[in-house]
Amino acid sequence: MVVLVDEEFVEAVLSLVERIPPGRVMSYGAIAEYLGRGGPRQVGAVMSHYGGPVPWHRVVAANGRLVPGHEVEATKRHRREKTPMKGERVDIARAGWWPDADLNG
DNA sequence: GGAATGACGATAA
DNA sequence: ATTATCGCCATTC
């Protein structure tokens, strides 16, 4: 099914998700914003089709909602990574990560 | 080309 | 805090 509309876009998304460190998360919008290509829906679409081999559980909705269909799985993993959370949701205010955030010395 | 869909986001009530 | 609606962007039928 070669639905690779933009292999480059897929690579960029997966590559970025791989860069998300443990205990941190990025929202679909943040990823789309960083890449500057498409929108949050496109990032989510890529994840649903090619987000298998990457730490998808570190990608959450802007409101901290975990990945639909894998809420339990994602929650378990965050518990292992000590991700800052508020009940069933991730505390984006504390766990929100950005590539530049790691450059800060 | 047009309508419907989707791992989203923001706003209104 | 929760539910409902509109907007965004590209894919799919």
Side-chain angles (χ1 to χ4, degrees):
Chain A
M1 62 169 83
V2 214
V3 290
L4 288 177
V5 289
D6 278 329
E7 184 179 344
E8 189 175 280
F9 180 67
V10 175
E11 287 273 332
V13 174
L14 299 180
S15 179
L16 180 57
V17 174
E18 285 263 25
R19 290 169 54 127
I20 303 175
R24 296 281 176 281
V25 300
M26 275 188 86
S27 63
Y28 299 94
I31 293 172
E33 176 100 4
Y34 179 80
L35 296 177
R37 307 191 69 70
R41 313 295 306 252
Q42 280 55 277
V43 174
V46 170
M47 292 298 288
S48 76
H49 296 289
Y50 305 96
V54 297
W56 48 266
H57 65 273
R58 291 181 195 150
V59 182
V60 301
N63 54 309
R65 256 322 170 209
L66 294 171
V67 180
H70 298 283
E71 300 161 315
V72 180
E73 184 68 22
T75 301
K76 283 167 38 175
R77 293 189 178 216
H78 285 303
R79 288 176 69 79
R80 298 293 299 175
E81 298 185 359
K82 304 290 204 66
T83 306
M85 299 178 59
K86 287 184 168 187
E88 298 291 313
R89 293 185 297 185
V90 175
D91 186 354
I92 290 263
R94 294 193 293 166
W97 183 79
W98 192 267
D100 291 348
D102 204 23
L103 297 177
N104 192 330

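So that the names make sense, note that chain A is the first sequence line, chain B the second, and so on, each numbered from 1.
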A:L35 atom CG is separated from C:dA10 atom P, nearest whole Å, by 13 Å
Can you confirm whether or not the ring centre of A:H70 sits under 6.0 Å from the ring centre of A:H57?
no
List every contact pair, protein side and nucleotides 6-8 of chain B side both N or O, where the distance is under 3.5 Å.
| unit_1 | atom_1 | unit_2 | atom_2 | d |
| --- | --- | --- | --- | --- |
| B:dG6 | N9 | A:R41 | NH2 | 2.9 |
| B:dG6 | N7 | A:R41 | NH2 | 3.3 |
| B:dG6 | N2 | A:Q42 | OE1 | 3.1 |
| B:dG6 | N3 | A:R41 | NH2 | 3.4 |
| B:dA7 | N7 | A:S48 | N | 2.8 |
| B:dA7 | N6 | A:M47 | O | 3.3 |
| B:dA7 | N3 | A:Y28 | OH | 3.2 |
| B:dC8 | N3 | A:R41 | NH1 | 3.0 |
| B:dC8 | N4 | A:R41 | NH1 | 3.0 |

Residues 87-96 of chain A vs salt bridge (Lys or Arg N to Asp or Glu O under 4.0 Å), sequence neighbours excluded, gives A:D91-A:R94
Please examine the side chains of A:V17 and A:I31, heavy atoms only from C-beta on, and report whether any two atoms are closer than 4.5 Å.
yes
Q. Is A:R77 salt-bridged to A:E73, going by a charged N under 4.0 Å from an acidic O?
A. yes
In whole angstroms, the gap separating C1' of C:dT3 from CZ of A:R65 amounts to 13 Å
Would you say A:E8 has more than 12 foreign heavy atoms packed within less than 6.0 Å of its CD? no
